Each structure stands twice: as C-alpha cells, then as structure tokens.
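This report refers to the structure that appears directly beneath it.
These figures come from a predicted structure and were not determined experimentally. Proteins get letters first, then strands, A, B, ... in listed order; numbering begins at 1 in each.
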Amino acid sequence: MSKEPVAIVGIGQTKHVAARQDVSMAGLVREAALRALEDAELTWADIDAVVIGKAPDFFEGVMMPELYLADALGAVGKPMIRVHTAGSVGGSTALVAANLVAARVHGTVLTLAFEKQSESNAMWGLSLPVPFQQPLLAGAGGFFAPHVRAYMRRTGAPDAIGSLVAYKDRRNALKNPYAHLHEHDITLEKVQASPMLWDPIRYSETCPSSDGACAMVLTDRAGAARSPRPPAWMHGGAMRSEPTLFAGKDFVSPQAGRDCAADVYRQAGVTDPRRQIDAVEMYVPFSWYEPMWLENLGFAEEGEGWKLTEAGVTELDGDLPVNPSGGVLSTNPIGASGMIRFAEAALQVRGQAGEHQVDGARTAMGHAYGGGAQFFAMWLVGSEPPTT
Amino acid sequence: MSREVAIVAFAQTDHTRRTDELSEVEMVMPVLHEVLRQTGLKTSDIGFTCSGSSDYLAGRAFSFTMALDGVGAWPPISESHVEMDGAWALYEAWVKLLTGEADTALVYSYGKSSPGSVRDVLTRQLDPYYVAPLWPDSVALAALQARALIDAGDTDEPALARIAARSRQDAAANPHAQLPGARPQGEHVVAPLRTGDCPPIGDGAAAVILAAGDRARELCARPAWITGMDHRIEAHSLGVRDLTDSPSTRLAAERAGAFERPVDTAELHAPFTSQEVVLRKALGLGDDVRVNPSGGALAANPVMAAGLIRIGEAAARIHRGTSDRALAHATSGPCLQQNLVAVLEGDSHE
C-alpha cells in the first residue's frame, strides 16, 4: 500500500510581536489561517479537517482551546484535532495533518499552531511546580544552560560561537517581515555585551516571548495540481520521544533527535545531509543549540558543529544556511515555533521566502524539539514531488 | 485501498473517587502492562504510541511528559500526544497505521479529577473572554441541555431516572465501575438534573493496542476491526446550537459507516443521562441495540479516558464474541460539542 504524496500549497503567518492586544486568540489564529487560504487560493469550504497545536494550555489559561476556536477556524461540521507535544508541537501538528492526507482520510487539511503568550507568563508556565523543584529549573534557560556548558567542554568550542549564531539570526530576521525582533542596530559587540542570564547564555542569545500563529494548507496530488503557486512536497517526516531524565541520557545530543533525523533521511533517500539539503530551519531557542543540533542532525561530525558556524557555513549566503528566517531566536510564539520552522522550510523550496530566500533551494529541513530536549519532530520538503 | 486496522487489546483501571497514593505514572503503568501482556508485545515492538490527557486536570504544564516515563520510552519511540480524550489519540494512531508507517500502536489516556473541582476546572474550556469569566460549571451547562430536551418533549425526569438506573444496574457486572448497582436518584444538583443524572467524579486510566492486517490476527483471536471512524465539532457558543440534537454525532456516524448496517451494541460517552437521549436520537438507535452494557460514563467517568474506555469496552465485547458489530462514541466540550464515532466489527462467523 503506497501513501498519498503530501503537498504544501498554502502558508500564512501573523506578524509576530510581543503582545497582540488588538486581537483575541480567535482573531490571531484566523489571521494566519486566512493568509494560508489566500496563498492556496482556497476557501473554508475546501478544507476537510483542521489540526491545531499549541504548547501548554496554562500559557493562555484556556483548557483545550480548540473547542473555543472551532468557529474561528471554520471547523464547525468538520473534524478537529488538538495536538500537544511540548515545544515540538508545531512540527508534530503538521505531521498529524500530513498523515491525514497521506492515509487518504482527507484530501485537503488546514493545520495551524499558535501561542498568545502575552495573555500569561511563559516563564512560569514553563516551570515545574516551583515549591517542589530547584529554582535552577525556573524557565527553559535554566534547564538548558548546563547542557550548553557540557557541549562546550566536550568539544572545546570557543566562547564566542553562541554570539555568532545570535548575531546571524537577528540579521536574518531583518529580512523577514513576519519576524518578531527587528534589531536594526544589531552588532556582534552588542550581543557579546548583553547581560549573562544563565551562564553561558546571554540575554541576546535567548528567544523572545511572542504572540503569533502559523498555518499551512496540506493537500493530496489532485489538490497540488490545482495549486496556483508551486507547492512544496513532503519527502519525509518523523517524531521521536525519550524520557526527560534518566541515567545515560545524552542531553548534548539526544538519541531521539538522531533517530528522528535518520528516519526522515531514510524516507527521503538522503544519505549525505550536508550536501543534499539546501537550507535548514532549526529549532534554536538558545544560540548554542545551532552547533549542537548541526551534530545531532548529522550535518557535522561529533565535536565539529561549532566549526561550521564559525566558518560562516550557516550564514544566509553560506553553504548550508540555517534559519534564514531569523529562527526561534528572533520569533518565539512557543506552540507555533515548530510549525514556523516547517513552514519556512516549505517557503524556501517554493522559492517564496522573499528577501530571506536561499538561492536555488530545492530541499529544506524543518526541525522542532521540546520538553527537556526529549520530543522531536522533523520534516524534509522538496520542490519536486517524491518519486517513490 | 484502505488498510485493515483492529483493536487487539484493552485494559482499564478500577475507577475510584480518589487516588491520592498514586502518581499519574503509577496509575497508567498497570494498564500499559496489561495490554502488552494480553498481546505478548514489548514496548520495543510497538510502532507508534499516542496518548491523551489534560494539563488542566493535572494542575501543571507538560504533565504528559512524565506519564510517558510509564511507557518505558527507551530506546526512543515514535510518539505523539493529543490534549484531548484518549479516543482522539486512538484516532491519530489509527490514521498512522492507515499510512502504512507502523503495524502496531499503543494508545493510552488518563485523568485524575480528584485533586481539584472538576466542575470548576471544566469552565476553563469555555470562551475565555465572554463566558469563562462567569464560571458556568459543567453540571449547569448539562442542565440547560436537559431542560431544553424536556421542554421539547424529548424526555422527562422519570425517563432520565430510568437511564440512570439501567446504567448502574448494568455496571454491577463491570468490576472496574466506580458506581455499580442500584442507588437513589437523589436531589436536584442543578434542576432538572439530579445526583443520579450526573457522572461520578473519579480517577482512572485506559490503554488499547491497535494492529494492522495479519498482525492483528496474530495478536488476537477475534480482533475488533475498525471499519470506520470519524469525528466532528460544532460551534462553541451554546446560543447558536440546538442543544436537543447532535448533528456532529450524526455526521460522524454517517462518515464512519454506522448507518450502513445495524449495530448490536453502542457504547455512548454520555456523562449525563440527558445526553444519552440526544445521542440515541442522533444515531437513530432502536430499543434492540444494547446501549452502554458497561454502565457507561454514569458508572465511571475518568475525564480524558472515558471516551477511550467506550471504544475499549465495545472492542472487548467483540473480542469476547458478545457483539458482532458495535458503535463506540466519545465526546468533548460542553453539551456534546465535539463527537467521535467508531464502528467495530468482528470477523463473520466461521
């Protein structure tokens, strides 16, 4: 039994900002969904099902918000599913939607992820119950900083690598009209002079807290044939999970991440990701995760990821551009961040990424992770349909 | 060309009012081990895992990440989670098997309502700007629906009482039920609903294993084949819905193929007696259909697992040979806003 090929024919995002006080949650998600429909030149009536994702309900204080959002997303009378896999959720949500098409359950599916973080406080939404845990674990940075330190010790990476990533991503964001942070006066010196938050992570090496939504229209071969603009085609997609804490877990390069990438490459027939993939949208909420994930995803040998960053390989005009959109470091509506990675990868292979387009990108990867670096979701998209 | 997928194992906890002594992982592990035991599978044999739960019941963000430890998730597994009743986790797993990317799937869900006031917690599901600030609780909303039904002449209080009595009488034969056996209908909680019309508040978990094609036949003597499954959502605002009807249930049933041939059993996720009236009408169930032989959600309603349990109970009847074609239903949201219908069949008699 063969799967139906999955095409991405519509992509919409909101302009991500710290607080969208002009819209409700329903208004926010509808804005992204309408832009995706407009891109696909489809109407609500063309959508067979809606798959929605966001990170914890405590971020906005609404339990199972898909119930309330059904009307805003044109889902009344349709199937609607709500996915939640922590920070990887935006990616997982897209994969659940893609499976509906691949399994031929539905022809055209709207998938959307959002976070309206201004309605709550993500720092505490992300923290396990504070009275019962070490204060160290407050917020995501406290959790991840020791693992960054472990990476530096293990690989001998110079201290400046993290700031190079942040400087690059924030400059890339200037070319992306939807990015949250547009720091026109950014300099490497400013990044390096920013306050130390969780040693070795500086303020300018952390992601912002954003309001935003991202939507995609996924469809089958027949739907793709009707698409007014070039579709992106899915060549592989996978999720992998491992426990938060256990003896033997490698926080620097989790096995779940390596296995997930390997599964995607197997599906897509990729044997040499460094040469065969033209652009990567990688989930980098703290700058040091770029070199760490370069190794985890097989773009560099173990211990060598930072050298790619240092040599400028991951710059927008480099040999392997990473986060041409500005990435999570420039835009982070948490539940949507993974889907933005997936959508930006699709924009690249459709040739529709505007000023942050990677010249000639034909194969791109979208990557997301969540929890204690334990949940992974990835897809690989191409400008041509899969051959198998 | 659709792929054959079946439920091959089902387990649930004994549902109780409180489980203060158990963490969620401790509550989930026995049912996971039980479905694995029934099939002889190990965690490492499972192709895909999906769970359903709610952070709001657990009272903390990312509660499912800890529950995953109960699966023994190493080496890394292919896994997903829906912030919904486990019935939708089963749906996601079913779709995954239909793609051919996996041959087996483990589905589980759990909910502990005991740590808080579930009536209040569920108000957080409502429109956050206009309705939730008023804290209309789940019993009050169900009472509005019951009142609409009575006003429309679809039922009356004695008829509701008979549904309650029948459910709990049936539950006497269900060792997992929280409220088995006859009990008084009680006083009004929110008129016209009395204590007996409302579900018990309790904690519980359930697990199911799905398998495709010949794998299912290897793992189970009489697999419960999923011949169709669909779910539909309605408008959120109660003011724009006819509360005496459930068009989403009817449409889901139609898409699942429920009306193509009669079913002999229906496990309906109706936490309130009045909701059974709505669902029976939407599904066109006659008196010859055995409705909720397990006792249904009126006998045990572990929130986030109760829908998955309906599917599991229907499958278990097929496994035992007491049903040939069963309908299972799950619901989510206030007043039956979202509804899922699965049709399960056993292999025809040899």
If you count heavy-atom pairs under 4.5 Å between each of [options] and chain A, which one has the most?
options: Ile77(B), Thr49(B), Asp55(B); answer: Ile77(B)
options: Arg232(B), Lys96(B), Gln338(B); answer: Arg232(B)
options: Gly333(B), Ala235(B), Ser54(B), Cys50(B); answer: Ala235(B)

For [X], which atoms come within 4.5 Å of any heavy atom of chain B: side chain, backbone, both, or neither?
X: Val96(A); result: side chain
X: Asp57(A); result: both
X: Glu4(A); result: neither
X: Phe246(A); result: side chain
X: Asn99(A); result: both

Is the closest side-chain heavy-atom distance between [X] and [Y] below 4.5 Å?
X: Thr227(B); Y: Leu344(B); value: no
X: Arg258(A); Y: Asp250(A); value: yes
X: Val101(A); Y: His106(A); value: no

Practice problem: Using heavy atoms and a sub-4.5 Å threshold, report which of residues 75-93 of chain A line up against chain B, by residue number. | Solution: Ala75(A), Val76(A), Gly77(A), Lys78(A), Pro79(A), Met80(A), Ile81(A), Arg82(A), Val83(A), His84(A), Thr85(A), Ala86(A)
Quiz item: For Trp225(B), which residues count as a side-chain hydrogen bond (donor to acceptor under 3.5 Å, both in side chains) partner, sequence neighbours excluded?
Solution: Asp347(B)
In terms of heavy-atom proximity below 4.5 Å to chain A, should [X] be classed as side chain, backbone, both, or neither?
X: Leu68(B); value: side chain
X: Met229(B); value: neither
X: Val131(B); value: neither
X: Ser332(B); value: both
X: Gln125(B); value: both
X: Ile233(B); value: both

Quiz item: Hey, would you say the Trp94(B) and Phe48(B) ring centroids sit under 6.0 Å apart?
Solution: no
Exercise. Please confirm whether Phe251(A) and Phe144(A) have ring centers closer than 6.0 angstrom.
Key: no
Practice problem: With Arg119(B) as the cation and Trp135(B) as the aromatic partner, state whether NZ or CZ is under 6.0 Å from the six-membered ring centre and within 45° of the axis. | Solution: no
Quiz item: Which atoms form the tightest heavy-atom contact between Val264(A) and Met378(A), and what is the distance?
Solution: CG2-O, 3.8 Å
Quiz item: Got a sec: does the CZ of Arg217(B) have more than 12 other heavy atoms crowding it under 6.0 Å?
Solution: yes
Practice problem: Flag yes if more than 12 heavy atoms outside Glu21(B) fall under 6.0 Å of its CD atom; otherwise flag no. | Solution: yes
Practice problem: Considering only heavy atoms, give the residues of residues 102-114 of chain B separated from chain A by less than 4.5 Å, sorted numerically, with 'none' for an empty result. | Solution: none
Quiz item: Considering heavy atoms only, which positions within residues 79-91 of chain B lie below 4.5 Å of chain A?
Solution: Glu79(B), Ser80(B), His81(B), Val82(B), Glu83(B), Met84(B), Trp88(B), Tyr91(B)
Exercise. Establish, from distance only, whether the side-chain atoms of Gln117(A) and Ser209(A) form a donor-acceptor pair under 3.5 Å.
Key: yes
Practice problem: Check the side chains of Gln267(A) and His235(A) for a donor-acceptor pair under 3.5 angstrom, ignoring hydrogens and angles. | Solution: no
Quiz prompt | Donor-acceptor contact below 3.5 Å, side chain Tyr265(A) vs main chain Leu297(A) | solution = yes
Quiz prompt | Any donor-acceptor N/O pair, Asp211(A) side chain to Arg20(A) backbone, under 3.5 Å | solution = yes
Self-check item: Carboxylate-amine/guanidinium contact Lys116(A) Glu60(A), below 4.0 Å
Solution: no
Quiz item: Do Arg215(B) and Glu4(B) meet the salt-bridge criterion of a basic N to acidic O distance under 4.0 Å?
Solution: no
Quiz prompt | Residues Phe58(A), Tyr56(B); criterion ring pair (Phe, Tyr, Trp, His ring centres under 6.0 Å); working and verdict | solution = CA-CA 8 Å; Phe58(A) 287 108; Tyr56(B) 256 81; 4.4 Å; yes
Quiz item: In terms of the angle between their ring planes, are Phe64(B) and Phe62(B) parallel, tilted or perpendicular, with boundaries placed at 30° and 60°?
Solution: tilted
Quiz item: Between Glu66(A) and Lys54(A), is a salt bridge (charged side-chain N to carboxylate O under 4.0 Å, His left out) present by the stated rule, with each step listed?
Solution: CA-CA 10 Å; Glu66(A) 75 278 4; Lys54(A) 64 175 286 328; over 6 Å; no
